[in-house]
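What follows is a set of notes on a single structure, which appears directly below.
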Amino acid sequence: PTMPRIAREHLPGSLVHLISSFALGARVMDLPGARAVYLSLAERTLRRSDWVPLAYALMGSHVHWALIAGRLPPRTFYHPLHTGFALWVNQQRREALFGPERRFVGPVFADRPKTFVVEPEALSRLLAYLHNNPVRAGLVQNPGDADWTSHRQYCDPARRMPWLAVGWALEHAGLEDSASGRATFHEMTLERSSSDASWFPTDEELRLVRREAQAHTNAPVEIATPRMTPGRESEESDWICGLLATPDRPLRLRWEGPVTQLIEE
């Protein structure tokens, strides 16, 4: 089954979570030097985009970003970044599989990134979610043990990349960018290491919402970008999404009562 169409809705200044998966589940980030190349390309891309990155997690088979939306569309950030990275990946594949004299071109990313808007009150929860990805995957026991997320940059100013808005994120998460504030951030991340595994909706959940909405409205409505709420501190999802319909297709809510009552009236 295909993924439901999602109309992207994120106003400038929104907190946005992007998830990009590699084609066929390939563990592209496990290529030697892949993470360093990807981050270098990200820095270059940000010079032409007004989106502000707060955190990242570069997992083997997919990539997470937490960003503040700009006025430009999100593709100004991820499209040149992923295009440049795909060219580099195919170059590595060509040399490894066929030798430099053979040509190899193949898909690297599966599709455009999944997009979720996160309520500002859930910023600390989002940061912990990203930084605990290696922990939930069973790769490390402590988020600080992984160098493929931005967690170490939050805990150690000497490691920070200048284009990552760590100080802003700590401040808006209610923490000081000080030794004590960074230690508190690390403890907060540790406390969430075994939670929030299913905070974000799955493809099947989105398909179900779309089917139910279309059945209830008798119209080809589309779902908008899911919005993640602070919600409960549990593994359950806490999200809502709007519905969009074109002006020329009025919504006609389906009658939920018994047919006999409708006939009598």
Query raised in the report: Do V16 and F116 touch side chain to side chain, with heavy atoms closer than 4.5 Å?
Result: no
Requested in this report: For the pair R35 and D30, find out whether any cationic side-chain nitrogen is under 4.0 Å from an anionic carboxylate oxygen.
Outcome: yes
Query raised in the report: Taking the six-membered ring for Trp, are F85 and F22 parallel (under 30°), tilted (30 to 60°) or perpendicular (over 60°)?
Result: tilted
Query raised in the report: Taking the side chain as C-beta and beyond, is there a heavy-atom pair between Y56 and L39 under 4.5 Å?
Result: yes
**Report entry** Donor-acceptor pair between Y38 and H82 side chains, under 3.5 angstrom
**Finding:** yes
Query - side chain to side chain contact (heavy atoms under 4.5 Å, CB included) between R112 and Y78, worked out - result: CA-CA 9 Å; R112 69 175 188 171; Y78 71 77; 4.0 Å; yes
Query raised in the report: According to a 4.5 Å side-chain heavy-atom criterion applied to Ile, Leu, Val, Met, Phe, Trp and Tyr, with indirect links allowed, do M161 and F185 form part of one hydrophobic cluster?
Result: yes
Query - Row check, Y129 ring normal vs R136 NZ/CZ: under 6.0 Å, within 45° - result: yes
**Report entry** Pairwise side-chain contact, I19 with V63, heavy-atom cut-off 4.5 Å (strictly under)
**Finding:** no
Query raised in the report: Looking at the rings of Y154 and H186, which for Trp means the six-membered one, are their centres under 6.0 Å apart?
Result: no
Query raised in the report: Is there a side-chain contact between T76 and W51 (heavy atoms, below 4.5 Å)?
Result: yes
Report task. List the steps and the verdict of side chain to side chain contact (heavy atoms under 4.5 Å, CB included) for H64 and N133. Result -> CA-CA 9 Å; H64 296 263; N133 262 265; 3.2 Å; yes
Report task. Measure across L190 and P143 and return the closest heavy-atom pair with its distance rounded to 0.1 Å. Result -> CD2-CD, 3.4 Å
Report task. Start with the C-alpha distance between S20 and H62, add both sets of side-chain angles, then the distance that settles side chain to side chain contact (heavy atoms under 4.5 Å, CB included), and finish with yes or no. Result -> CA-CA 5 Å; S20 301; H62 60 284; over 6 Å; no
Query raised in the report: In terms of side-chain geometry, is the basic nitrogen of E212 or R207 positioned less than 4.0 Å from the acidic oxygen of its partner?
Result: no
Query raised in the report: Is the shortest heavy-atom distance from the side chain of R192 to the side chain of R125 under 4.5 Å?
Result: yes
Query raised in the report: Taking the side chain as C-beta and beyond, is there a heavy-atom pair between M228 and L126 under 4.5 Å?
Result: no
Report summary line: Of all heavy-atom pairs linking L164 and A55, the shortest is CD1-N, 3.9 Å
**Report entry** Beyond-backbone contact of R182 with D177, side-chain heavy atoms, under 4.5 angstrom
**Finding:** yes
Query - T189 side chain near N132 side chain, heavy-atom distance below 4.5 Å - result: yes
Report task. Establish, yes or no, whether a centroid distance under 6.0 Å links the rings of H17 and F200. Result -> yes
